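Notes for the one structure printed next.
Owing to the predicted nature of the structure, the values given are computational and were not obtained by experimental measurement.
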Amino acid sequence: MSEQRWKPSVTVAAIIEQEGRFLLVEEETPDGLKLNNPAGHLEAGESLLQGVVREALEETGRHFVPEALLGVYLARMHREADPAADVTYLRFAYRGRVGEPIPGQALDAGIVRTLWMTPDEIRTSVARHRSPMLLRCIEDHLAGRSHPLDAVWAEDALGTGGAA
């Protein structure tokens, strides 16, 4: 038995649909330009809800209002450029809505642009997806999957009042 403990990378993702289109980001990765849901790593001391609101703002330049937990996803990402750098991600995806772009709000380093895509456009662009979780989250959203925000509990010390 190995003494090194395996730890997946915890991430949060915003699944945003408006008028039949989903808000995605195009980002630079070690494997080239890829599409993804607005998503990123949970930071120390923040709740999942705080994390997804922050990540959506940083990657889209828009305020995100989580409305429901879509689901929890576990996936191993294979890096074409460096297979030794494979990472397993534990993603908490939230359904919600966004406002208009905030004037002057810079996007995170590596984010080339945001774009709205239909489900069919997303399905036909699988080769450009950063991970299989992108499409899985879209399909789960379209299937109506939804859990209350309080399905995930966080300690009050994180400043959440008990919500995720």
Side-chain angles (χ1 to χ4, degrees), residues 8-73 75 77 79 81 87 89-142 145-152 154 158-161 163-164:
S9 292
V10 177
T11 61
V12 290
I15 312 307
I16 303 154
E17 180 186 15
Q18 189 172 299
E19 298 176 9
R21 293 181 177 272
F22 288 86
L23 182 58
L24 301 182
V25 297
E26 185 176 49
E27 58 188 333
E28 297 173 0
T29 75
D31 296 319
L33 282 180
K34 297 288 183 178
L35 298 172
N36 200 6
N37 311 104
H41 293 273
L42 186 66
E43 293 184 359
E46 71 182 355
S47 71
L48 294 164
L49 288 176
Q50 290 167 333
V52 73
V53 168
R54 176 188 51 76
E55 282 293 344
L57 176 62
E58 290 174 356
E59 294 201 352
T60 70
R62 299 166 181 254
H63 287 294
F64 176 66
V65 179
E67 296 174 334
L69 174 69
L70 177 65
V72 181
Y73 304 83
M77 297 264 305
R79 295 249 331 262
V87 176
Y89 291 95
L90 178 62
R91 172 188 270 199
F92 292 81
Y94 289 88
R95 300 167 62 133
R97 57 188 162 76
V98 290
E100 292 298 314
I102 300 167
Q105 177 71 40
L107 302 181
D108 254 0
I111 302 297
V112 174
R113 64 181 175 139
T114 61
L115 60 160
W116 293 92
M117 295 178 72
T118 66
D120 284 340
E121 291 169 333
I122 295 168
R123 289 180 190 113
T124 60
S125 65
V126 170
R128 295 192 59 222
H129 293 184
R130 182 155 188 189
S131 88
M133 291 185 289
L134 185 164
L135 183 57
R136 178 60 194 254
C137 287
I138 299 299
E139 297 293 2
D140 285 354
H141 175 88
L142 292 169
R145 296 193 196 277
S146 181
H147 307 280
L149 291 175
D150 65 3
V152 177
L158 293 175
T160 65

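Partners of E28 according to the side-chain contact (heavy atoms from CB on, under 4.5 Å) rule, which considers only residues two or more places apart in sequence or in another chain, are L33, V112. Partners of P119 under the side-chain contact (heavy atoms from CB on, under 4.5 Å) rule, at least two apart in sequence or in another chain, are F22, R123, L142. The salt bridge (Lys or Arg N to Asp or Glu O under 4.0 Å) search around R130 returns E27, not counting sequence neighbours. For L107, the side-chain contact (heavy atoms from CB on, under 4.5 Å) partners at least two apart in sequence or on another chain are I111, T114. Taking the side-chain contact (heavy atoms from CB on, under 4.5 Å) definition, one finds that T118 meets it with R21, D120, E121, sequence neighbours left out.
Across all non-hydrogen atoms, the minimal contact from A93 to I15 is CB-CG1, 4.2 Å. In terms of heavy atoms, G61 sits closest to Q105 at CA-CG, 3.5 Å. Contact between P101 and R62 at its shortest, heavy atoms only, is CG-NH2, 3.4 Å. Here the closest non-hydrogen pair linking P38 and L24 is CD-CA, 4.5 Å. Across L35 and L134, no two heavy atoms sit closer than the pair O-CD1, 3.3 Å. In terms of heavy-atom proximity, A151 sits nearest to L69 at CB-CD2, 4.3 Å.
For residues 100-119, the salt bridge (Lys or Arg N to Asp or Glu O under 4.0 Å) pairs, not counting sequence neighbours, are E26-R113.
Heavy atoms from other residues, nucleotides or ligands lying under 6.0 Å from NE2 of H129 number more than 12.
The CZ atom of R136 lies 13.0 Å from the CG atom of N37; values are rounded to the nearest 0.5 Å. The distance from the OG atom of S47 to the CD atom of Q50 is 3.5 Å, given to the nearest 0.5 Å. With rounding to the nearest 0.5 Å, the separation of OG in S131 from OH in Y89 is 9.0 Å. Distance CG/L115 to CE/M117: 6.0 Å, rounded to 0.5 Å.
Checked by atom type and distance alone, the side chain of R91 never pairs as donor or acceptor with a backbone atom of G71 at under 3.5 Å. The closest donor-acceptor contact from the side chain of E59 to the backbone of A56 lies at 3.5 Å or more, if one exists at all.
The pair E43-R54 counts as a salt bridge, with a side-chain nitrogen and a carboxylate oxygen less than 4.0 angstrom apart.
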